[in-house]
Undergrad: 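After the structure tokens below, expect a handful of questions from me.
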There are 2 protein chains.
Amino acid sequence: MAGARRHTLRDIAAALNLSVNTVSRALSGKDGIGEKTRARVRAEAERVGYVPNSVARSLVLGSAMTFGLVITNPSNPFYAQLISSIELRARTHGYSLLLMVTDESEENETRAVESLLRSSVGGSIVVPVQASADPWRRLSTVGVPTVLLNRDLPDLGYRFVGTDNELGGYRATEHAISRGARSIVVLEEDLPITTIADRIAGFRRAMAEAGLSVPRGSIMRVPTRRHEQAALPWQPQQAYQVARRMLRRARLPDAVVVGNDYFALGLYRALEVRGLKVPDDMMVIGYGDHPYSAFLSPPLTTVRLPAEEVGNIAVDLLLEEIAGGRSARPLKQLIAPTLVERESTDRTTSGRTSSAAKNDSGMTSR
Amino acid sequence: MAGARRHTLRDIAAALNLSVNTVSRALSGKDGIGEKTRARVRAEAERVGYVPNSVARSLVLGSAMTFGLVITNPSNPFYAQLISSIELRARTHGYSLLLMVTDESEENETRAVESLLRSSVGGSIVVPVQASADPWRRLSTVGVPTVLLNRDLPDLGYRFVGTDNELGGYRATEHAISRGARSIVVLEEDLPITTIADRIAGFRRAMAEAGLSVPRGSIMRVPTRRHEQAALPWQPQQAYQVARRMLRRARLPDAVVVGNDYFALGLYRALEVRGLKVPDDMMVIGYGDHPYSAFLSPPLTTVRLPAEEVGNIAVDLLLEEIAGGRSARPLKQLIAPTLVERESTDRTTSGRTSSAAKNDSGMTSR
DNA sequence: GTGAAAGCGCTAACAT
DNA sequence: ATGTTAGCGCTTTCAC
């Protein structure tokens with residue numbers, strides 16, 4: 001790799017017999033510059049292939065045109081979509097993305113904050129592990145604008161945008177009830193985060209409103225190992241184990257509301273092994289609308305998450321925070337997810353598979 | 001957000017009656033510093049919560065402790081895993097990650113290069129769109145060490161690491177043949193990239209070695225829209241359409257080798273609608289080993305990709321390139337994928353579903 | 001072992 | 001409309 005020294009403002013200034021300052025202002029579109037000089041400068045910059053040094057710029061300005069994006073796990077398709085939409089919108093506004101992965105580890109969060117501070121990011125968008133708010137306090141102390149994504153830490157008073165998981169849990173449950181379910185079980189991951197707690201709260205609200213009881217054992221937990229560099233967010237196999245245990249009960253539920261579509265896979269398998277049919281013997285409602293879910297047998301009713309919208313709003317909130325103006329928009333935003341009805345809760349067409357799936361996502365070395 | 005000005009070397013120097021220089025060297029572990037002074041400096045730095053300004057450092061050094069990672073689509077689970085492993089290994093070596101998404105667009109590539117140059121990244125890891133090598137030439141011109149990931153551009157002479165897709169296609173096909181298939185069809189995306197071409201080459205080699213013919217129409221293409229900000233990498237629905245067309249043929253193949261597990265979904269659906277059984281009427285071999293695939297009915301035989309290994313090697317290659325030493329390791333590395341045999345190619349147990357799935361990945365607002 | 005000075009490439013303030 | 005000066009925070013000579 002050759003080392004052709006990069007051109008600087010000084011080079012252009014020298015070539016044109018101008019001062020560095022003039023060149024700088026000509027290029028950055030400031031006024032108080034003759035149109036002819038501006039044209040000359042632009043031409044010369046173009047000619048030599050001038051690339052502004054944003055490191056130098058950042059040093060002067062005290063902050064970089066960079067956003068830190070801190071995510072727990074990019075292999076969670078919801079976060080993958082968030083990364084895409086945030087990257088695009090940030091780029092549109094001239095910002096680059098510094099990506100950090102925490103893998104649900106608080107220690108990694110602390111390191112991430114260090115890194116954000118060192119790099120003088122212009123702002124950060126963070127999915128906190130929610131083990132503690134502490135790692136993130138430094139950001140406000142030092143004045144780094146920060147938006148929390150998908151998991152709030154109310155103590156911090158930061159702006160926040162996420163999915164309305166309480167509503168998601170509610171809608172999933174309400175739908176099952178509307179389809180005739182009376183006894184419903186929840187299958188959730190065993191992780192102390194608000195997204196899960198919210199979904200369960202929504203479940204309880206729906207049950208209460210329908211006058212249905214929630215006996216002990218209605219909330220089943222699938223074990224998770226935190227702090228584990230897991231390429232994959234959820235283990236259907238673990239859900240399978242828990243589901244098998246549930247299916248040994250004397251009285252089986254009419255429906256199971258699962259915390260993510262992956263768990264639905266494990267449940268499907270457990271039901272199949274027991275010779276039980278979805279939805280006739282048991283309805284299944286997923287969460288997340290994984291692209292595969294429309295193609296399962298039977299296609300899975302699930303809750304679709306507003307990934308793109310959440311991502312866009314996160315960037316917008318951050319930009320507003322940076323601009324400093326009190327925004328019209330509320331500081332905390334919950335975006336409603338939508339229920340996607342498919343055959344796993346449809347007892348009328350039971351037995352037949354149909355439904356034309358529209359969405360999708362996957363994995364190949366492409 | 002308060003604006004407590006960050007402490008600098010100068011602050012520490014002043015507090016201790018030392019020169020900036022001394023403080024710098026004390027903190028950066030250089031020698032030629034008294035052990036007592038070093039201790040004093042460290043203590044003071046600790047006390048005031050000193051965070052080094054890496055922007056200033058980068059300006060002096062001419063390059064940042066940052067790697068650019070350019071990816072076509074983070075929602076492709078293979079790339080999501082790559083992001084995770086690369087981020088971790090880069091971080092281990094003190095590097096941050098600047099993430100850029102190209103969405104298969106050459107225009108975005110050009111912008112990405114601009115951005116990499118502006119930020120003075122220490123190196124970059126790139127999945128090229130493969131529309132042209134041009135955007136990437138500038139990196140070598142300016143001396144930015146670059147490693148190509150998963151898709152090579154041989155003209156550039158850059159280091160490269162990726163999956164051995166020729167071998168993947170070969171193994172998938174060979175497996176189908178070993179299970180009795182004579183007439184095999186390939187279902188691939190319609191994108192002019194080497195990964196796909198390589199898989200098809202592997203398919204042809206396996207067929208040739210077995211003395212089987214590859215008549216016209218054996219390679220079926222699923223249309224793709226490039227340059228489209230697709231949150232999801234593949235459309236099973238598109239594959240479904242193409243598969244339906246294929247199933248109208250007079251003579252059906254014994255097996256279909258698909259380019260990614262998502263297409264297998266569409267194919268499964270098409271077969272189901274036609275009343276055909278997998279594997280008895282037709283075998284299906286996927287590619288990518290998506291976590292869902294073990295849980296399909298029947299579980300999908302597929303090719304597992306060495307994502308973590310590829311990611312780690314990419315970083316290692318880049319570090320070697322930066323170090324400048326001629327490495328022991330070859331400059332171009334192809335990692336072999338492995339075949340995962342499941343029931344979609346197993347005619348002996350046909351009808352029954354079993355197999356304990358182990359892996360996984362998914363989507364929920366967690 | 002420590003300090004003084006210069007400079008990385010840029011922007012901002014203040015001339016002219 | 002353009003030039004001059006200073007300085008962002010750090011590392012690197014080169015003195016002492």
Side-chain angles (χ1 to χ4, degrees), chain A residues 3-42 44-45 48-66 94 117-122 142-143, chain B residues 3-42 44-45 48-66 94 117-122 142-143:
Chain A
R5 197 182 62 71
R6 286 171 48 174
H7 293 269
T8 69
L9 291 185
R10 187 142 62 98
D11 298 329
I12 299 179
L16 264 41
N17 258 308
L18 290 170
S19 76
V20 172
N21 185 323
T22 306
V23 175
S24 168
R25 311 176 23 146
L27 253 26
S28 56
K30 294 246 172 58
D31 53 339
I33 286 283
E35 271 317 313
K36 321 99 179 304
T37 15
R38 171 159 291 158
R40 284 176 64 219
V41 170
R42 286 208 173 124
E44 175 67 6
V48 301
Y50 171 73
V51 177
N53 183 333
S54 48
V55 172
R57 182 165 206 278
S58 302
L59 181 60
V60 173
L61 267 32
S63 99
M65 288 294 280
T66 302
L117 295 178
R118 280 176 198 257
S119 329
S120 306
V121 294
V142 188
Chain B
R5 200 181 60 71
R6 285 170 49 173
H7 293 270
T8 68
L9 291 185
R10 188 143 61 98
D11 299 328
I12 299 179
L16 264 41
N17 257 309
L18 289 170
S19 76
V20 173
N21 185 332
T22 306
V23 175
S24 169
R25 312 178 21 145
L27 253 26
S28 56
K30 294 245 171 63
D31 53 342
I33 287 283
E35 270 317 311
K36 322 101 176 305
T37 16
R38 170 158 291 157
R40 284 176 63 218
V41 170
R42 286 207 173 125
E44 175 68 6
V48 301
Y50 171 73
V51 178
N53 183 331
S54 47
V55 172
R57 183 166 206 277
S58 302
L59 181 59
V60 173
L61 266 33
S63 100
M65 288 295 280
T66 301
L117 294 177
R118 282 176 197 257
S119 328
S120 307
V121 295
V142 188

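Numbers restart at 1 for each chain; the letters A, B, ... are given by sequence-line order, proteins then strands. Because only heavy atoms are used, hydrogens play no part in the values below, and waters and symmetry mates are left out as well, while side chains stay in.
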Undergrad: Check the distance between D/dA1's P and A/K36's NZ and give it to me in whole angstrom.
TA: 11 Å
Undergrad: Remember a base hit wins even if backbone is also touched, and classify A/K30 as base, sugar-phosphate or nothing at under 4.0 Å, heavy atoms.
TA: sugar-phosphate
Undergrad: Keeping the roles fixed (side chain from B/R57, backbone from B/P52), state whether a donor-acceptor pair exists under 3.5 Å.
TA: no
Undergrad: Once rounded to the nearest 0.5 Å, what's the spacing between atom CD1 of B/I33 and atom CG of B/L27?
TA: 10.0 Å
Undergrad: In whole angstroms, how far is the C1' atom of C/dA6 from the CZ atom of A/R10?
TA: 12 Å
Undergrad: Is there a side-chain contact between B/L18 and B/T37, using heavy atoms and a 4.5 Å cut-off?
TA: yes
Undergrad: For B/S54, which contact category applies under a 4.0 Å heavy-atom criterion: base, sugar-phosphate, or nothing?
TA: nothing
Undergrad: Taking OP1 and OP2 of D/dT2, is either one under 4.0 Å from a side-chain nitrogen or oxygen of A/S19?
TA: no
Undergrad: Hey, does A/S28 reach any base, or is it just sugar-phosphate, or nothing, if we go heavy atoms under 4.0 Å?
TA: nothing
Undergrad: Round to the nearest Å and state the distance from B/R118 atom CZ to C/dT11 atom P.
TA: 11 Å
Undergrad: Hey, which of these two, B/R25 or B/L59, hits DNA chain D nearer its 5' end, going by closest nucleotide?
TA: B/L59
Undergrad: From CE of A/M65 over to C1' of C/dC10, roughly how many Å is that when rounded to an integer?
TA: 15 Å
Undergrad: In terms of the nearest nucleotide of DNA chain C, which residue is placed more toward the 5' end: B/R38 or A/V51?
TA: B/R38
Undergrad: Does the base of C/dT11 carry an N or O that pairs as donor and acceptor with the side chain of A/N21 under 3.5 Å?
TA: no
Undergrad: Choose from C/dC10, D/dG3, D/dC10 the nucleotide whose nearest atom is closest to any side-chain atom of A/A56.
TA: C/dC10
Undergrad: Considering all heavy atoms of both residues, which atom of A/I12 and which atom of A/E44 are nearest to each other, and what is their separation?
TA: CG2-CG, 3.7 Å
Undergrad: Side chain of A/Y50 only, heavy atoms from C-beta on: which candidate in C/dG3, C/dC10, C/dG7 is closest?
TA: C/dC10
Undergrad: Separation of A/R6 atom CZ from C/dC8 atom C1', in whole Å?
TA: 12 Å
Undergrad: Let me know the distance between NE2 of A/H7 and P of C/dC8, rounded to the nearest Å.
TA: 16 Å
Undergrad: Whole Å only: how far is the CG atom of A/L18 from the P atom of D/dT4?
TA: 11 Å
Undergrad: Return yes if the base of D/dT2 and the side-chain atoms of A/N17 contain a donor-acceptor N/O pair under 3.5 Å, otherwise no.
TA: no
Undergrad: Of the nucleotides D/dC10, D/dT2, C/dT11, which has the atom closest to the A/T37 side chain?
TA: D/dT2
Undergrad: Could you check which of C/dG3, C/dC10, C/dC8 has an atom nearest any side-chain atom of B/V60?
TA: C/dC8
Undergrad: Is a side-chain donor or acceptor of B/S28 paired with a backbone partner of B/S24 at a separation under 3.5 angstrom?
TA: yes
Undergrad: Base, sugar-phosphate alone, or nothing: which one does B/V55 contact when heavy atoms must sit under 4.0 Å apart?
TA: nothing
Undergrad: Report which part of the nucleic acid B/G34 touches: base, sugar-phosphate, or nothing (heavy-atom distance under 4.0 Å, all strands).
TA: sugar-phosphate
Undergrad: May I have the distance from A/N53 (atom CG) to C/dC8 (atom P), rounded to whole angstrom?
TA: 12 Å
Undergrad: Is a side-chain N or O of A/S119 found less than 3.5 angstrom from the main chain of A/V121, in a donor-acceptor match?
TA: no
Undergrad: Has B/T22 got a side-chain N or O lying under 4.0 Å from the OP1 or OP2 atom of C/dG3?
TA: yes
